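Working notes, structure below.
Proteins get letters first, then strands, A, B, ... in listed order; numbering begins at 1 in each. Heavy-atom basis, side chains included; hydrogens, waters and symmetry copies ignored. None of the values given here were measured: they were computed from a predicted structure.
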Amino acid sequence: LIASTDAPRTDFPTVRGFLDVGIAVLAFVLVCAGLNALLPFPEIDVVSAELRFFQEHRDDFDTVFIGSSRIHHQVSPAIFDRVMSEAGHPTRTFNFGINGMFPPESGYVLERLLSAKPRRLKWVFIELDELETRRIPKAEASRRSLYWHDWKRTSLVLRKVLDDDDQRDARDLFFFHSALFAKNFTNIGRKIDLTWWSSHLGKKAAPPKSLGRDGDGYVPQTRKMWEAEAVTYEGGLERAVAQAESRPVSPSAEQAYREWAGEVRKTGATPIFLITPTTPQTKLQFRSEFGIAGAVMRFNDAKAYPQLYRKEIRVDADHLNETGAEEFTRLIADKLSRLINDGRIQ
Amino acid sequence: MLFVEFRFFWFFLVVFSVYWALRENRSRKIWLLCCSYVFYAAWNWKFLFLLMGSSALDYFVGTMLARTEDPRARRGWLMLSLGANLGTLAFFKYFNFFISSAAELLTWLGLPASVHTLNIILPVGISFYTFHSMSYTIDVYRGKMRAVSSLLDVAAFIGFFPQMVAGPIVRASLFLPQLKTLRKFSDVDVRGALVLFLTGFMKKACIADSLAPFVDRYFAAPGSFTAGSAWVAITFYSIQVYCDFSGYTDMAIASARLLGYELPVNFNFPFFARSMSDFWHRWHISLSSWLRDYLFIPLGGSRGPRWFVYRNIMITMLLGGLWHGAAWTTVIWGGLLGLALVVQREWQHWTDHGKQAGPGAGWLGWALTMYWFCLALMVFRCLNLPDAFVAVRSFALFRSDGAQDLGVWMLWIVVALGIVHWMNYRGTFANWWRRGSDPAFAVAYGCAAATVLLFIPPHYTPFIYFQF
């Protein structure tokens with residue numbers, strides 16, 4: 001790296017210098033990649049604990065719901081199993097909904113979940129939504145925002161950012177996600193995992209509270225909306241119904257869901273995409289020219305499912321309370337059993 | 001933009017590549033100045049004008065000082081520079097402090113006053129670059145150096161990005177001559193600079209930032225922790241401040257060195273100091289020597305009767321404390337350290353400069369120095385005076401009503417760090433990077449950098465000295 005002679009015009013050792021820098025960069029990248037492969041799965045609050053639980057009980061379940069709080073608080077495995085059993089299709093369900101887990105994070109977790117090789121898996125419900133690219137200030141510095149930024153996920157997010165016409169802060173988002181990828185690839189902050197891993201070696205971790213009272217991943221919300229909240233909600237719903245539209249998912253989201261559906265099919269299970277009863281009435285759909293990624297169950301339709309939009313059973317514009325969640329779960333189970341009975345899904 | 005951020009890496013890569021690709025010294029200086037301003041503007045571009053104004057004024061004052069021999073006129077020009085620099089510093093850093101302190105005093109005297117403080121943002125690095133700037137005019141005034149004819153040189157010196165925001169406080173007489181000559185890449189100790197940068201990065205990102213959560217936890221509510229926790233917290237904080245600031249300095253020196261410039265050493269194993277004056281020859285050397293040369297000596301220094309010297313020490317240390325932050329805790333911190341220097345001088349006077357001291361005096365001196373440093377630092381770190389009282393009582397008297405425990409076992413971390421530091425002090429790791437071929441060094445460096453990243457927290461913590 002140190003030049004040995006004083007060249008007459010410039011003494012910067014261009015060729016040797018670049019060669020040595022190249023060697024250093026290569027060594028850096030190889031060590032980062034090696035450590036990345038060798039290190040245990042990052043210890044991320046709730047996510048890791050639930051993945052560990054699922055891994056231990058992977059052969060107990062044949063149905064899994066995966067998604068955000070809209071799954072976590074709204075799908076009751078007990079009710080789902082009862083309705084399915086009554087319809088002659090017994091199931092054993094696990095709710096893998098985690099607050100704030102949107103695609104592509106949910107896809108990353110799904111791949112980890114499937115890598116446990118659950119042998120009995122039959123149905124995998126994946127919450128369908130657009131890829132989440134926004135910066136969430138509260139979570140920006142957290143390891144939760146970092147751990148899923150592998151190349152596969154980051155490239156999806158970057159593609160979505162660059163494709164979106166209405167993305168005003170595209171440049172900022174591009175650098176933000178690129179930086180998270182770089183941090184993740186270079187294993188920044190992973191000493192925490194090593195510390196956790198060594199301190200828990202040989203110890204059995206207690207099941208996380210997020211598994212709920214029945215240990216199936218479902219945690220209902222019991223509160224009801226205040227009157228003022230209800231007025232705002234009803235006004236918002238009215239506007240959303242008036243503006244209801246059909247829209248295909250973005251090409252990057254389409255690609256992501258197609259890949260995840262493929263992963264699910266490899267295990268012998270069937271992927272089903274689920275749109276929960278949120279206030280926005282956008283009818284997200286896959287582009288037919290790419291072939292069908294999987295069956296879609298859409299419940300964000302206040303006209304078709306008015307019972308899910310009563311203010312008495314809602315917590316807010318996006319979430320149902322316990323009563324609503326039970327109603328919603330029954331509807332999903334009914335719909336699935338009908339699809340099975342009609343032979344439209346296997 | 002912090003030295004530990006990814007974006008600094010890309011920024012420096014561009015600066016470095018273009019700098020060495022340019023062949024003329026003037027072009028290089030223009031490039032450096034532009035990059036320095038971009039670096040500063042990344043924090044807040046509006047305050048860039050303050051930096052530019054300070055550079056322009058001191059260049060102008062320097063030129064005027066060179067034109068006149070009249071002592072009164074020269075003193076007037078110097079006063080203009082000092083007034084503008086210290087006035088700016090006083091306004092941005094101390095305005096609210098003095099106003100609210102005056103209001104509190106009036107209230108205490110039974111004359112409650114309604115005062116309005118201003119919502120003033122402290123420009124990052126202002127304490128450092130005003131000192132850089134003043135060193136130029138004072139040195140020209142004293143005739144220690146000749147006024148520089150190029151505004152570009154003065155602006156590049158004051159704004160030079162590696163040292164602009166948190167030092168080391170570079171003297172004009174050291175840096176400006178370096179700007180005059182074209183730097184040669186063959187003179188650059190690239191390996192040494194790269195290793196120094198990585199060492200600084202490791203100190204800041206791996207050690208200081210990892211200790212920060214424990215320290216923050218304790219000092220958020222010192223009264224709720226045990227006395228043992230006070231010892232753990234202050235030991236951790238001592239290490240955190242040292243690693244944070246010396247880490248920054250290492251990275252600053254290394255960055256400058258990669259561009260062909262030498263900055264002064266700022267730390268020299270301060271935790272091995274055997275007396276308080278020895279400590280100040282090892283800790284933030286550029287500030288302590290600045291205060292010595294531009295404040296303590298002009299006040300009269302060590303000449304004159306003992307009480308006069310002690311007065312000079314106390315004024316210097318109290319103002320040094322105030323420089324660290326606009327709060328009474330920092331003033332008391334300076335006062336406590338000044339008191340230690342006075343006691344040491346008195347002790348040296350009675351023991352004939354330690355010649356009559358016993359064989360264990362060195363160790364005792366070390367223990368007392370560290371104890372007093374920690375005690376003063378406890379006051380420095382506390383958010384207010386009542387908290388400082390509680391923390392000091394807990395630390396010094398082992399008396400605390402708190403029950404929370406920070407974990408005394410964690411002092412083993414200190415022992416481990418201490419052993420590594422001691423080995424470094426003894427020169428165990430010295431120059432190992434010079435062995436082997438360049439490709440072997442490149443491989444080792446790449447591997448070391450990748451491994452270091454594993455140990456840094458996922459989010460960046462600003463440098464402690466940025467707030468000064």
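For chain A, the nearby parts of Phe455(B) are the backbone and the side chain; heavy atoms of each come within less than 4.5 Å. Interface residue Pro439(B): backbone and side-chain heavy atoms are both found under 4.5 Å from chain A. There is no contact between Leu19(A) and chain B, counting heavy-atom distances below 4.5 Å. Contacts between Leu39(A) and chain B at a heavy-atom distance below 4.5 Å involve the side chain alone, from C-beta outward.
Between Val443(B) and Ala27(A) the shortest heavy-atom distance is O-CB, 3.7 Å. Closest approach of Ala442(B) and Asp20(A) over heavy atoms only: CB-O, 3.3 Å.
Considering only heavy atoms from C-beta on, Asn187(A) stays 4.5 Å or farther from Leu453(B) through its side chain. Residues Lys191(A) and Ser210(B) are in side-chain contact: their nearest non-hydrogen atoms beyond the backbone lie under 4.5 Å apart.
Within a 6.0 Å radius of CZ in Phe53(A), more than 12 heavy atoms belonging to other residues, nucleotides or ligands are found. Dense packing is recorded around CZ of Arg7(B), with more than 12 heavy atoms of other residues, nucleotides or ligands lying under 6.0 Å away. No more than 12 heavy atoms of other residues, nucleotides or ligands lie within 6.0 Å of CG in Asp45(A), so this atom counts as exposed by the packing criterion.
Of the listed residues Ala444(B), Cys206(B), Gly446(B), the one with more heavy-atom pairs under 4.5 angstrom with chain A than any other is Gly446(B). Interface remark: of the candidates Ile23(A), Ile188(A), Asp193(A), Ile192(A), Ile188(A) forms the most heavy-atom pairs closer than 4.5 Å to chain B. For the set Val452(B), Leu454(B), Ile456(B), the count of heavy-atom pairs under 4.5 angstrom toward chain A peaks at Leu454(B).
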